[in-house]
Amino acid sequence: MTTYIFKRLLSMIPIFIGITIISFAIVHLAPGDPMTVMTNPKLRPSDIQRIKANLGLDQPLPVQYYKWLVSLVRLDFGNSFISGRPVSDVLKEKVPITLLLCSTGMFVALAIAVVLGILSATRQYSKTDYAISVFAFAGLSVPTFWFALMLILVFSVHLGWLPATGMYNLKAAKITLGDRISHMIMPVIAFAAPSIASWTRYMRSSMLEVIREDYIRTARSKGLKESVVIYKHALRNALIPMVTLLGLSLAFLIGGAFVIESIFGWPGMGRTGLDAIWQRDYPIVMAINTLTAVLVLVFNLLTDLTYGFIDPRIKYN
Amino acid sequence: MKKNVVILFVVMMVLGFSFGVLAEEIQEGGTLVFGEIGDAELINPILGTTDSAATYAEMVYEGVLTLDPVTVKPIPGPLCEKYEGSEDNLVWTFYLKKGVNFSDGHEFTAEDVKYTFEAIQDPNTNTVRGYLMDPVEGIKIIDDYTIQFTLKYPFPDFLTGTMTMEILPAHLYAGTDINTNPVNQQPVGTGPFVLTEWLHDDHATFTAREDYHRGRVHLDKVIYKIVADQNSLLAAAEAGDLDSASVPPAEVERVSKTAASKGLKMYSRWDFGYSYVGFNLALDIFKDVQVRKALAMAIYKPAIVKVAYYGQGMPATSNVVPGIQWAYNENIPAYEYNVNEANRLLDEAGWKDTNGDGIRDKDGQPLSFNLITNKGNTAREKTIELLATFWKKIGVDCQIDALTWTTFITERVMAKKFDAIVLGWTGMGPDPDDYSLFHSSQIEDGYNFGTYINPEVDELLVQGRTTMDLEVRQPIYYKIQELIHDDYPSIFLMYSKGNAVYNENIRGLIPSPIGYIHDWKDIYFVK
Amino acid sequence: MAENVIVNSDQKQGLTKDNETMLQIVWKRLRKNKLAVISATIVILLYLMAIFAPMLAPYATDDMDFDNLFGKPSAQHWLGTDSMGRDLLTLVMYGSRVSLTVGLVSMGIAITLGTVLGAISGYYGGIVDNIIMRFTDIALCFPQFFLILTIVAVFGNGIYKVIVILGLTSWMGVTRLVRGQFLSLKEREFVESARALGANDARIIFKHLLPNSMAPIIVAATLRVGTTILTEATLSFLGLGVKQGTISWGGLLREAQGITVMLETPWVAIFPGLMIFLTVLSFNLLGDGLRDALDPKLKE
């Protein structure tokens with residue numbers, strides 16, 4: 001087991017280097033430069049050239065990459081071009097917010113998908129199954145940004161039930177849990193929708209496969225109650241492939257979180273990243289690309305390990 | 001009977017009115033929650049580049065001079081008792097207020113003023129405001145409360161631009177790297193508020209100072225909440241989560257109808273902005289003024305105002321915004337919309353559709369060019385689509401594209417790699433000096449992107465910016481506007497109008513070209 | 001996955017004739033799935049609409065009626081008019097061209113790239129396999145959408161760039177799929193016997209391995225079109241998709257961001273959104289139908 005983890009960690013090193021090269025190359029191979037500050041006709045372009053030199057943007061690319069990589073290993077992502085703040089400080093504020101959205105969203109999506117998947121599979125070809133399938137396909141086919149706007153329109157603008165933006169109400173003297181939750185409902189639903197849809201499909205087929213297995217037939221023939229058969233025997237085995245699915249979905253999910261954060265005004269990595277893209281704040285864009293990629297890498301390792309943990313048939317060697 | 005009703009009505013009106021006045025009682029305290037689109041990265045008036053950075057800086061820092069919200073002329077600010085200039089307008093003396101403390105208790109003196117302006121000049125400072133110090137020859141401290149600036153030449157924008165800069169605390173900045181000084185994140189100013197909480201990209205809370213040198217303001221706190229975009233800002237204000245929001249043109253008509261029912265009041269103001277079409281005059285097709293004039297005449301400006309700006313604007317006529325009342329030349333003729341005349345001008349200039357493809361040509365060259373603008377500004381995106389449609393009608397082929405701001409500015413506009421652009425200027429006041437836009441020396445290091453050269457305009461621009469007397473300056477700027485109008489280096493499309501809603505219980509707002517809130521001492525809630 | 005089909009072709013050896021029968025079986029199965037048939041019909045109709053848009057559209061795309069901005073759906077304008085007084089039906093018809101082109105061509109790039117890499121990786125194995133799979137791992141680690149945004153913002157937009165970028169960032173799944181297929185197929189008897197008969201690598205790959213891997217690739221390709229259309233719509237919605245002036249469904253939806261539009265003139269927001277939804281749904285249902293039809297386990 002330990003050797004396996006060690007081997008896996010070792011194999012992650014070239015992947016990590018590759019990630020940093022791609023993150024660096026994309027922003028630096030682009031034409032143009034990050035100076036976007038011109039809004040007033042009285043500014044001098046020569047000032048902009050001077051600032052560029054101060055930021056070290058006039059050095060050759062390999063030198064810039066090497067410097068960046070060396071400081072990266074020390075967890076120093078450099079300073080933001082726009083604010084001068086250390087990027088690691090910025091990330092310390094943003095990452096927990098994005099993780100909150102992602103983890104809550106994944107949890108909600110998984111819970112709903114498992115329930116719907118079981119319902120669908122146990123009542124195969126019934127009206128319930130049909131309705132859930134239609135719902136799942138609709139969820140997969142609706143543009144997320146559009147769905148989010150519709151939620152705001154209906155629940156904030158028309159009904160006034162839920163706040164349209166932010167993470168909590170700043171007007172309130174004290175932030176209550178209820179307030180936090182009410183600010184999370186729409187972002188989490190919008191975030192989870194595509195995952196609910198696709199995971200329901202996976203859960204359904206995974207469950208259908210398990211139900212056909214011999215040991216379930218045996219359990220049934222033993223006269224066990226149907227609910228015991230489904231929830232005790234079938235569910236556990238049907239859930240195993242879902243773990244891998246979670247691992248593979250993370251990169252996609254974080255991408256989705258970026259759009260959701262923007263629409264609902266959550267100050268997470270996504271909003272910061274989008275702003276940084278528009279402003280060409282290279283250190284932040286590179287840090288976010290690198291960090292999320294590393295996050296996915298680690299998460300995949302964890303799911304692989306969990307996979308072995310919950311499925312006794314898997315042996316590491 | 002009818003008469004009684006009228007009397008009753010009048011009595012009720014009078015009663016209501018007096019109660020209304022009685023009800024206008026100042027409520028001490030209260031928290032204002034505003035929204036900002038995009039957070040400031042730092043709070044430093046010299047380094048800040050975003051709108052929110054300027055907004056935050058105004059909460060904690062103060063300038064020596066400030067602008068009168070109505071006349072937009074310079075007046076002594078909170079840090080200044082009075083100021084005077086020499087006969088030749090070259091030596092300016094500022095008498096500073098005594099007994100002013102920064103929020104850390106340190107006393108404000110002339111040293112702080114000197115440091116701030118020298119920091120702007122320092123080449124190691126990452127500021128884009130170096131131009132403010134161009135005319136300044138020297139700064140001399142007379143005593144702790146008197147400071148003297150000597151200019152190389154008279155410069156009107158010295159008072160309105162340079163001296164309105166907010167003052168930094170020298171005791172915390174001097175001898176440090178201003179770009180990374182932690183005070184940029186935790187500002188210490190002389191202003192009415194201190195920053196008490198700042199979660200980047202979420203909110204910034206400013207709390208009233210008990211020891212503010214002009215006496216504590218009425219409000220307790222002002223919170224700026226960061227929202228994703230214009231729509232979430234307005235939606236939050238309409239839901240009552242925010243006390244204010246700017247209203248984009250598309251929403252004005254609806255919001256003006258529903259604001260009152262949501263406890264909001266709508267305010268409008270003309271800002272110091274306009275949008276225009278700029279030509280690259282170095283290109284052969286645009287060298288002929290007839291062509292530029294024809295293109296101008298083919299544009300139906302009211303449609304642009306209506307479609308792209310939802311009527312929230314006014315067709316523009318000149319390079320000076322009407323908000324600068326003394327300098328705006330009302331007699332500049334509006335570009336007349338006349339397709340027939342435009343066609344005639346092009347025919348006369350030798351552009352005819354000889355091959356029958358619907359596009360005019362001359363010496364085998366089609367009358368075809370690219371028109372670009374920046375992406376994300378839907379009004380400008382619509383404007384270029386409209387322009388292409390207008391010009392198609394006079395046989396001109398116009399290819400449009402919208403590029404991200406950086407690409408647009410750094411790779412195309414500044415590099416002069418464009419045929420024609422749609423761009424806008426904001427903050428074109430309070431001085432009408434357009435030296436950096438139209439003077440021929442500004443082609444290399446300036447904003448004369450279209451390479452416009454007119455020696456007469458050059459001379460007048462220099463005259464205008466080195467004269468302080470408004471009576472002398474007025475005819476100069478009138479003439480500049482006439483000359484630029486006749487040369488068509490740009491087609492001025494629209495002067496922009498701003499709209500905003502505020503909580504109806506807020507008082508002290510004055511809509512003006514420079515904003516709504518001018519002095520926090522004036523702002524309070526009514527009960 | 002496609003075991004029975006494989007064994008089938010292995011036994012009969014005659015590929016052309018065999019494919020016909022396979023196609024017939026698939027078609028027979030697909031025909032029973034009403035949803036899939038409807039979806040296929042819609043997809044065909046959408047492509048016809050896109051191709052013949054200039055003939056079908058009632059107006060020209062630059063026909064602007066400044067006195068009828070945000071016009072309600074009426075006899076003249078079935079779907080109403082947009083903020084510039086243009087006929088929305090016309091715009092929706094022309095907009096289909098972008099979505100359908102981007103969807104199809106990007107999918108083509110992604111599938112080709114994914115298949116080539118997966119085939120090389122799975123067939124040759126060893127160090128080549130290792131390099132390709134590590135590179136795939138790296139690419140899979142990036143949040144695809146943020147990566148695309150970065151690239152588009154940095155290199156500029158436009159339909160061709162979007163097509164290429166979407167294609168170049170979504171091949172990884174197919175690579176893994178094809179590699180898996182090749183790994184399991186290449187050990188089978190019919191490949192062994194082909195090799196024994198002296199067939200070279202190219203022949204084995206193109207005549208034996210690839211045709212037998214087609215079923216999952218076709219399904220993946222169909223589903224890919226839907227995903228790509230959604231991504232393009234999101235990009236255009238953010239203003240980072242096709243060029244200004246190019247009419248696309250996502251671009252038309254930018255209008256829908258305004259509260260007033262949603263409240264007072266919702267048709268501007270509804271119809272383009274509905275078209276995206278309908279199109280993606282059709283591709284997804286078709287892909288699902290194909291999956292069932294191509295799955296040998298579900299015998300008639």
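Below, read A as the first sequence line, B as the second, and so on, with proteins coming before strands; counting in each chain starts at 1.
Taking CG from C:Leu147 and CD1 from A:Ile22, the interatomic distance works out to 7.5 Å, rounded to the nearest 0.5 Å. A distance of 14.5 Å separates CZ in C:Arg134 from CD1 in A:Ile17, rounded to the nearest 0.5 Å. One finds the CD1 atom of C:Ile138 at 9.0 Å from the OG1 atom of A:Thr20 (value rounded to the nearest 0.5 Å). Rounded to the nearest 0.5 angstrom, C:Met133 CE and A:Ser11 OG are separated by 12.5 Å. To the nearest 0.5 Å, atom CG of residue A:Asn289 and atom OG1 of residue C:Thr150 are 4.5 Å apart.
Both the backbone and the side chain of C:Leu149 come within less than 4.5 Å of a heavy atom in chain A. Only the side chain of C:Leu35 has a heavy atom closer than 4.5 Å to any heavy atom of chain A. For A:Val294, no part lies near chain C; criterion is any non-hydrogen pair under 4.5 Å. Contacts of A:Phe258 with chain C are made by side-chain atoms alone, with heavy-atom separations under 4.5 Å and no backbone atom involved. Neither the backbone nor the side chain of C:Ala139 comes within contact range of chain A, judged by heavy atoms closer than 4.5 Å. Looking at A:Ser23, the atoms closer than 4.5 Å to chain C (heavy atoms on both sides) sit in the backbone and in the side chain alike.
The greatest number of non-hydrogen atom pairs below 4.5 Å with chain A, out of C:Leu253, C:Thr231, C:Leu140, is found for C:Leu253. Contacts with chain C were tallied for A:Pro14, A:Gly255, A:Gly256; A:Gly255 has the most, counting heavy-atom pairs under 4.5 Å.
Looking at every heavy atom in both residues, A:Val296 comes nearest to C:Cys141 through CG2-O, 3.4 Å. Of all heavy-atom pairs spanning C:Leu281 and A:Ala138, the tightest one is CD1-N, 4.0 Å. The two atoms that bring A:Ser141 and C:Asn284 nearest to each other are OG-ND2, 3.2 Å, heavy atoms only. Between C:Leu230 and A:Val142, the closest heavy-atom pair is CD2-C, 4.1 Å.
Proximity of A:Phe137 to C:Leu285: side-chain heavy atoms (C-beta onward) are separated by under 4.5 Å at one or more points. The closest side-chain heavy-atom distance from C:Thr234 to A:Thr144 is not below 4.5 Å. In this structure the side chain of C:Asp137 never reaches within 4.5 angstrom of the side chain of A:Met12, judged on heavy atoms.
No more than 12 heavy atoms of other residues, nucleotides or ligands shown are found within 6.0 angstrom of CZ on A:Phe135. Atom CG of A:Leu159 sits in a crowded spot, with more than 12 heavy atoms from other residues, nucleotides or ligands closer than 6.0 Å. Enclosure of atom OH in A:Tyr202 is not indicated, since only 12 or fewer non-hydrogen atoms of other residues, nucleotides or ligands lie within 6.0 angstrom. Heavy-atom neighbours of C:Tyr47 OH from other residues, nucleotides or ligands within 6.0 Å: above the threshold of 12. For CZ of A:Phe252, the number of neighbouring non-hydrogen atoms (other residues, nucleotides, ligands) closer than 6.0 Å is 12 at most.
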Practice task
Check step by step if side-chain contact (heavy atoms from CB on, under 4.5 Å) holds for C:Phe145 and A:Ile254.
Solution key: CA-CA 9 Å; C:Phe145 191 68; A:Ile254 291 181; over 6 Å; no
